[in-house]
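Below is one structure; the comments refer to it alone.
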Amino acid sequence: MRRRLQPVIKWSGSKRRVADALHGLWPEGLAKTATYFEPFVGSGAMLPGRPVERAVAGDVITPLIALWKEIAAHPEAVGAHYRRVWEDRQARGQGAFYDARERFNAGGAPLDFLVLSRMCVNGLIRFNASGGFNNSLHHTRPGIHPDRLDLLLDEWSKALLGVSFEVSDYEHTLQPAQAGDVVFLDPPYVGTRGQYRPGVFDFKRLSKVLSELNARGVHWILTLDGQAGERAYDETVISSSLYRHRFYVTTGHSPFTRLMGTSLDEVREAVYVNFEPRDTQLPSP
């Protein structure tokens, strides 16, 4: 539908590098009236290349959705705020970042959330048990230049035409999905649970939702942990009765092992689909 865009919001686990390959799986002949659903939107890497125009994107992180709405509707204001903080950082150093973090933690300001995502260590979005952003400034990187960000914001604002955003649990976001619609699910992973928000993801509940989507004739693609370095994650969390194909795709290197300095693990994610993909030459599991 559109070319792949550089990320505007930094988000660990982004599917930017594999978005084209994943979109190439959707079946032929999707109706123009179909809706694309992405209930764990994160960095939104899959949105520009979505197979149909109309889309619903959701997440439970309120400032993330508020930021997406601002990018879609007011890209100039988003860019102006970032430029002010970026220039302040160049002038007086780390205080500009920590002021933005304090403002965000006090009130969830979405424009400061963008600043934090672009300037924190390795772009890792992390919250403490109280919901406060707790990653630190990346001292050796100045953050994306405001001129470049302005161009990205303009591109993304145009790419988001037809997309509605909602703060919502994934099950609620997917309730309107019906036969012929398409869903991309990228939930918190087994190997990184609790890194972004405290809590444990309920895979039994996810399986129930997938079963309901199958019954309604909704096409879905699901990405989950596969392998990271020598670690292989449990493949039994999704029953084979729920999907038609499972394969692996290499998405890069783990930002967590990079941050900890323990190793540089290549990440291969498991991809599940409940339909016959357009590309029948799938990689072997």
Side-chain angles (χ1 to χ4, degrees), residues 1-7 11 13-58 155-156 158-164 170 173-187 189 203 206-207 209-227 233 235 237-252 266-285:
M1 184 175 170
R2 296 182 176 91
R3 67 183 179 85
R4 181 174 55 187
L5 297 182
Q6 294 293 315
W11 202 264
S14 169
K15 296 299 176 288
R16 182 178 65 87
R17 294 183 179 180
V18 296
D20 291 344
L22 293 175
H23 280 313
L25 299 175
W26 295 118
E28 298 278 7
L30 293 174
K32 292 183 178 179
T33 56
T35 300
Y36 171 83
F37 291 86
E38 190 168 340
F40 304 96
V41 65
S43 70
M46 295 283 285
L47 286 175
R50 62 190 184 277
V52 292
E53 186 73 22
R54 186 170 59 188
V56 178
E155 288 183 312
W156 274 93
K158 293 173 181 175
L160 295 176
L161 292 173
V163 181
S164 63
Y170 74 97
T173 300
L174 294 175
Q175 282 180 355
Q178 56 189 345
D181 287 340
V182 289
V183 173
F184 174 69
L185 302 111
D186 185 31
Y189 288 4
F203 284 92
L206 175 63
S207 294
V209 171
L210 295 178
S211 179
E212 291 172 352
L213 293 176
N214 289 346
R216 302 203 304 259
V218 178
H219 305 301
W220 53 261
I221 296 174
L222 167 70
T223 54
L224 282 179
D225 286 324
Q227 301 170 345
Y233 300 110
E235 296 176 346
V237 293
I238 303 299
S239 169
S240 60
S241 65
L242 294 173
Y243 61 89
R244 291 194 184 182
H245 296 278
R246 185 191 74 235
F247 55 100
Y248 290 106
V249 60
T250 300
T251 57
E266 183 181 72
V267 176
R268 298 180 71 225
E269 294 181 8
V271 180
Y272 302 81
V273 299
N274 73 333
F275 55 87
E276 288 300 322
R278 185 188 316 170
D279 182 2
T280 58
Q281 300 300 312
L282 299 179
S284 300

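In this text, all values refer to a predicted model and were calculated from it rather than measured experimentally.
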Open item on the list: Could you work out, with side-chain contact (heavy atoms from CB on, under 4.5 Å) as the rule, every residue matching Ser211, not counting sequence neighbours?
Closed with: Leu242
- [ ] Measure up the Trp26 and Phe275 rings against each other and bin them: parallel (under 30°), tilted (30 to 60°), perpendicular (over 60°).
- [x] parallel
Open item on the list: Using every non-hydrogen atom in the two residues, find where Thr173 and Gly58 come nearest and quote the distance to one decimal.
Closed with: OG1-CA, 4.3 Å
Open item on the list: Using only atom types and a distance under 3.5 Å, with no angle test, would you say the side chain of Arg216 pairs donor to acceptor with the backbone of Ala177?
Closed with: yes
Open item on the list: Quick check for you: to the nearest 0.5 Å, what is the distance between Arg50 atom CZ and Glu38 atom CD?
Closed with: 10.0 Å
Task: Within residues 39-49 or reaching into it, pairs that qualify as salt bridge (charged side-chain N to carboxylate O under 4.0 Å, His left out) - sequence neighbours excluded - done: none
Task: side-chain contact (heavy atoms from CB on, under 4.5 Å) partners of Ser43, counting only residues at least two apart - done: Trp11, Ser14, Ala45
Task: Evaluation steps, side chain to side chain contact (heavy atoms under 4.5 Å, CB included), between Phe184 and Thr223 - done: CA-CA 8 Å; Phe184 174 69; Thr223 54; 3.8 Å; yes
What side-chain donor-acceptor pairs closer than 3.5 Å can you find for residues 27-35, not counting sequence neighbours?
residue: Thr35; atom: OG1; partner: Arg54; partner atom: NE; Å: 2.9
residue: Thr35; atom: OG1; partner: Arg54; partner atom: NH2; Å: 3.2

Open item on the list: To the nearest 0.5 Å, what is the distance between CG on Leu22 and CD on Glu269?
Closed with: 8.5 Å
Open item on the list: So which atom in Tyr272 and which in Ile238 form the shortest heavy-atom distance, rounded to 0.1 Å?
Closed with: CE2-CB, 4.1 Å
TODO: Give the minimum heavy-atom separation between His219 and Gly180, together with the two atoms involved.
DONE: CD2-O, 4.3 Å
TODO: With sequence neighbours excluded, tell me which residues meet ring pair (Phe, Tyr, Trp, His ring centres under 6.0 Å) with Trp220.
DONE: none
- [ ] Look up atom NE2 in His23 and atom CG in Leu47, then write down how far apart they are to the nearest 0.5 Å.
- [x] 7.5 Å
Open item on the list: Run the side chain to side chain contact (heavy atoms under 4.5 Å, CB included) test on Asn274 and Leu210 for me, step by step, so that the C-alpha distance in whole Å, both residues' side-chain angles and the decisive distance to 0.1 Å come before the verdict.
Closed with: CA-CA 9 Å; Asn274 73 333; Leu210 295 178; over 6 Å; no
Open item on the list: Ignoring hydrogens, what is the shortest heavy-atom contact between Gly44 and Trp156? Give both atom names and the distance.
Closed with: O-CH2, 3.3 Å
Open item on the list: Ignoring hydrogens, what is the shortest heavy-atom contact between Pro187 and Leu222? Give both atom names and the distance.
Closed with: CD-CD1, 3.6 Å
TODO: Indicate yes or no for a side-chain donor-acceptor contact from Tyr170 to the backbone of Leu206 under 3.5 Å, with no hydrogens or angles considered.
DONE: yes
- [ ] Would you give the length of the straight line joining atom CE of Met46 to atom CD1 of Ile221, rounded to the nearest 0.5 angstrom?
- [x] 5.5 Å
- [ ] Mind checking the CG-CG spacing from Leu213 to Leu185? Nearest 0.5 Å is all I need.
- [x] 7.0 Å
TODO: With sequence neighbours excluded, tell me which residues meet side-chain contact (heavy atoms from CB on, under 4.5 Å) with Gln175.
DONE: His172
TODO: With sequence neighbours excluded, tell me which residues meet side chain to side chain donor-acceptor pair (under 3.5 Å) with Gln178.
DONE: none
Task: Results of side-chain contact (heavy atoms from CB on, under 4.5 Å) for Arg244 - residues two or more places apart only - done: Glu276
- [ ] Considering non-hydrogen atoms only, spot the tightest contact between Pro51 and Tyr36 and give its length.
- [x] CD-CD1, 3.8 Å
